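Have a look at the structure below, then the notes.
In this text, all values refer to a predicted model and were calculated from it rather than measured experimentally.
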Amino acid sequence: MSKPIELSLEQQFSIRSFATQVQHMSHEQAQDFLVKLYEQMVVREATYQELLKHQWGIDSGSALA
């Protein structure tokens, strides 16, 4: 991937809006928010992995023999 992914205007706006919201949080609120955000990222990654395994037919429940 030599060319970086370009974000849509809507995505760019969403990031700017998010940054504004974070700036108005207290330090403790921002820390709690980061932990929750990271948890969501981990869950999303695990979900993608499971979906790909299922799509490719390599999920643990499938018999390849």
Side-chain angles (χ1 to χ4, degrees):
M1 293 177 69
S2 60
K3 187 172 136 183
I5 296 174
E6 293 186 26
L7 300 176
S8 68
L9 287 176
E10 182 180 358
Q11 291 167 321
Q12 292 175 34
F13 175 79
S14 179
I15 291 170
R16 186 158 318 250
S17 175
F18 178 80
T20 301
Q21 290 175 16
V22 171
Q23 287 175 348
H24 296 320
M25 290 181 184
S26 70
H27 184 74
E28 184 176 320
Q29 286 173 321
Q31 286 179 324
D32 290 342
F33 185 76
L34 276 173
V35 170
K36 290 176 184 171
L37 184 61
Y38 184 74
E39 181 181 0
Q40 288 178 357
M41 289 170 51
V42 170
V43 168
R44 179 183 290 177
E45 182 178 353
T47 302
Y48 288 157
Q49 289 173 353
E50 288 302 312
L51 288 171
L52 286 173
K53 285 180 187 178
H54 178 71
Q55 184 68 27
W56 293 343
I58 58 174
D59 50 346
S60 59
S62 67
L64 298 176

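- Salt bridge annotation for E39-K36: absent, with no cationic side-chain nitrogen under 4.0 angstrom from a carboxylate oxygen.
- Placement of I58 and L52 within a single hydrophobic cluster is found when ILVMFWY residues are connected by side-chain heavy-atom separations under 4.5 Å, directly or transitively.
- For the pair Q29 and H24, the tightest heavy-atom approach, listed with the atom from each and the gap, is OE1-O, 4.5 Å.
- In this structure the side chain of Q31 never reaches within 4.5 angstrom of the side chain of V35, judged on heavy atoms.
- Once rounded to the nearest 0.5 Å, the distance linking NE2 of H27 with CG of D32 reads 10.0 Å.
- Listed for the T47 side chain is a donor-acceptor partner under 3.5 Å among the backbone atoms of V43.
- Taking CG from L34 and CE from M41, the interatomic distance works out to 10.0 Å, rounded to the nearest 0.5 Å.
- Cluster membership check: F18 shares its hydrophobic cluster with M25, using side-chain heavy-atom separations under 4.5 Å among Ile, Leu, Val, Met, Phe, Trp and Tyr.
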